[in-house]
**Student:** 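Just dropping this structure here.
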Amino acid sequence: MSALARLLLLVLLAFAGCQREERSFRADPVATESIEKVALVPLSPGPSGPVTDTSGKGKEYENNAYHLAQGKTLYKWMNCNGCHANGGGGSGPALIDDLWIYGGSIENIVQTIREGRPNGMPSFRGKIPDDQIWQIAGFVRSMSGNVPKDAAPGRDDALHPRPAENRTPEFPPVSGGAPPPR
Amino acid sequence: MSRFSLFLLPAIGFALAGCRGWQSALDAQGPQASELAWLFWIFTWVLGAIWLAVMIALAAALLRSPASRPDPLLVNPAQDRRYAAVVASLAVATGVVVLVLTGLSVVSQRNLFRVEEEAVTIRVTGRQWWWEIRYEEADASRSFTTANEIHLPVGKPVKIILNSADVIHSFWVPSLMGKQDLIKGQENDIRLVADRPGIYRGQCAEFCGLQHAHMGILAVAESQQDFERWRDAQIRPAEPPGDPERQKGQAAFLTQPCIMCHSVRGTPAGGKVAPDLTHVGSRKYLAAGTLPMSRGNLAAWIVDPHGIKPGVNMPTIKLQPDDLNAIASYLEGLK
Ligand SMILES: [Cu+2]
């Protein structure tokens, strides 16, 4: 590769970073809730896996530092803290580990927040605007290191209860876990 | 008139016009602000006079005709001694001026932070990008929370406890007091007195993010009776709406995400992370001094907060058009 080509590649790489914090403040004012068909269990009848169909909107949120930082603020503001503590779990299951009862993809988490789950997770539909639900879901993924490190939040408004999200090792989602006994 | 003076005169006029008005450190409305204004003028006059004297001496030296300059090779002990005396006394004078000005600022600083028994205690918490305000009383039932507007009784010392919920902000109502930072995890106290009734504007004075420029605060100084009347009204929970439109507005408000962030005392809305709306209609401005309070502006804010303060921590929420009007009318009526 010639020096010029290398330089060009380097410049392009630098520009790729620009997307990281592109801020879109205003959600589409007319869009309705996107349709996310997710599977809550990895089981399916027959040889192929369960059929899912997602809008693909998740990437926009997971890879964007602004959305993740907003999600971090909203996680406290919307009192997810109250039941899940700082992610370590309380009356709700831990969110920083790799075990997911209802699936750990951003779409699964969005559906969990929208719909609620039977063993004590409230439905936040109509309580949190959909755009903000996506931001929170992105942040929840960052707590187990499942978002790009350069986009994950690096600071906290209060003392850090654990290493910042951008220093959290990656724990890819695994099906399992159980709600804490009541 | 020359081109230059044509330009200069209005410029001076504008600069001086800036010294009056509802947000000016030179338009002091209380002892603390007067102390600062006094210090400012002393420094300006003394240093201005010295600057002028130096400039005149320099001009005189430059303009002296070459003939009158002494021959540099000539040794004249008497004259050298005179020069040495002049230089030495000017050096001493410089030291004296510096010492005196230092002394004056130390004394001012002490006056500024003198502790007087306070009549009112206000806790101000900076948030991106508005001010949470809590009047604290020993009797907890007389404590209450509001936002972006403080009221103070004229002539009474007021203690303001400053704190932040996120980044560093700075509380600055120039007509009443100098700047003081609001820092998370630390309480800074200031005390101030307003000498005359009036409305004074303040502004966050520490860059705190996107909407720092739209983080204003209003200080309303009023007579003791007016203050008590205002405080009694603020302590009361919101009155239930009477007319059908406002009832509809309340019902819509309570079923929207609004209640996750905002409180309206007397209703189930109990959010604690956004301005308390119990008496929002009684405030003079919306969104930290950004828009004058009116039903139209309320509706404009609710339908598109990011059009008015891009990046603000209030989301765009989809509402039915008639719900929007009803909510605006409900909030406007929360006096
Ligand atoms: Cu600021």
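Since the model is a prediction, treat every value here as computed from it, not as a measurement. Here is the naming used below: chain letters follow the sequence lines, and residue numbers restart at 1 for every chain.
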**Student:** May I ask you to check whether over 12 heavy atoms, not counting those of B:E187, lie within 6.0 Å of atom CD?
**Tutor:** yes

**Student:** Contact part of B:T255 toward chain A, heavy-atom cut-off under 4.5 Å: side chain, backbone, both or neither?
**Tutor:** backbone

**Student:** Ring pair (Phe, Tyr, Trp, His ring centres under 6.0 Å) with A:H67: which residues, sequence neighbours excluded?
**Tutor:** A:Y61

**Student:** Hey, what do you get for CG (B:N313) to CH2 (A:W77), rounding to the nearest 0.5 Å?
**Tutor:** 4.0 Å

**Student:** When rounded to the nearest 0.5 angstrom, what distance separates CG in A:L74 from CE in B:M260?
**Tutor:** 10.0 Å

**Student:** Does A:E115 have more than 12 heavy atoms from other residues, nucleotides or ligands lying within 6.0 Å of its CD?
**Tutor:** yes

**Student:** Please report the interatomic distance SG(B:C261) to NZ(A:K127), rounded to the nearest 0.5 Å.
**Tutor:** 12.5 Å

**Student:** Please classify the contact between B:A274 and chain A as side chain, backbone, both or neither, with a heavy-atom cut-off of under 4.5 Å.
**Tutor:** neither

**Student:** Is it the backbone or the side chain of B:L319 that comes under 4.5 Å from a heavy atom of chain A, or both, or neither?
**Tutor:** neither

**Student:** Please flag which part of A:R155 lies under 4.5 Å from any non-hydrogen atom of chain B: side chain, backbone, both or neither.
**Tutor:** side chain

**Student:** Does atom CG (A:L7) have a neighbourhood of more than 12 heavy atoms from anything else shown, all under 6.0 Å?
**Tutor:** yes

**Student:** Taking side chain as C-beta onward, heavy atoms only, is A:M78 less than 4.5 Å from B:V273?
**Tutor:** no

**Student:** Nearest 0.5 angstrom please: A:I128 CD1 to B:I317 CD1, how far?
**Tutor:** 11.0 Å

**Student:** Residues of residues 279-307 of chain B under 4.5 Å from chain A (heavy atom pairs)?
**Tutor:** B:D304, B:H306, B:G307

**Student:** Nearest 0.5 Å please: distance from the OG1 atom of A:T73 over to the CG atom of B:D166.
**Tutor:** 8.5 Å

